[in-house]
Amino acid sequence: EAQGIGSEVYYPCTMDAQVCFQGIGLGKETISVAHRLQEEALSIPIYPELRTEELDAVIAAITAFLIET
């Protein structure tokens, strides 16, 4: 956000936490990888219309972030 790059968490909870899927037998032990990834996944801008300069800016921002942490 500080770099002016949009990001979003599109799936903030796993299927077993959604009312419409309760009762089909899913649980933390059944989809443990999904529970872990829920805490780690972040969507960044990537789409066919993304200009090269914009793509370079996203790459640079992620690289800088990873180097700093």
Side-chain angles (χ1 to χ4, degrees):
E1 188 175 297
Q3 301 293 323
I5 299 170
S7 62
E8 187 70 44
V9 175
Y10 288 104
Y11 303 103
C13 62
T14 55
M15 290 176 63
D16 63 305
Q18 299 177 38
V19 175
C20 62
F21 292 112
Q22 291 177 355
I24 64 169
L26 296 176
K28 280 194 172 192
E29 58 284 340
T30 308
I31 55 173
S32 60
V33 172
H35 279 269
R36 191 190 57 178
L37 293 176
Q38 166 199 354
E39 301 296 324
E40 299 175 9
L42 178 68
S43 297
I44 59 171
I46 183 139
Y47 48 90
E49 296 83 11
L50 196 65
R51 294 188 318 258
T52 301
E53 306 82 41
E54 295 170 315
L55 180 58
D56 290 343
V58 171
I59 293 168
I62 293 171
T63 301
F65 174 80
L66 293 173
I67 290 171
E68 293 172 7
T69 55

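Side chains included, hydrogens not; waters and symmetry mates left out as well; all remaining heavy atoms used. Just so we're clear, the structure is a prediction, and the values are computed from it rather than from any experiment.
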ILVMFWY cluster, I24 and V19 together (side-chain gap under 4.5 Å): no
Non-hydrogen atoms of Q3 and A61 that approach each other most closely: CG-CB, 4.0 Å
Cluster overlap L55 with I44, hydrophobic side-chain contacts below 4.5 Å: no
Other residues, nucleotides, ligands: >12 heavy atoms within 6.0 Å of E40 CD: yes
For E54 against R51, the heavy-atom pair lying closest together: OE1-N, 2.8 Å
Steps toward side-chain contact (heavy atoms from CB on, under 4.5 Å) verdict (E1, S7): CA-CA 7 Å; E1 188 175 297; S7 62; 6.0 Å; no
Within 6.0 angstrom of I46 CD1, more than 12 heavy atoms from elsewhere: no
Hphob cluster co-occupancy, I59 + I62, side-chain heavy atoms under 4.5 angstrom: no
Value rounded to 0.5 Å, distance of CD in Q38 from OG1 in T14: 5.0 Å
hydrophobic_cluster_shared for F65 and I5, side chain cutoff 4.5 Å: yes
Closest non-hydrogen atom pair, P45 against L50: O-CD2, 3.7 Å
Considering all heavy atoms, the nearest L42-E8 contact: CD1-O, 3.6 Å
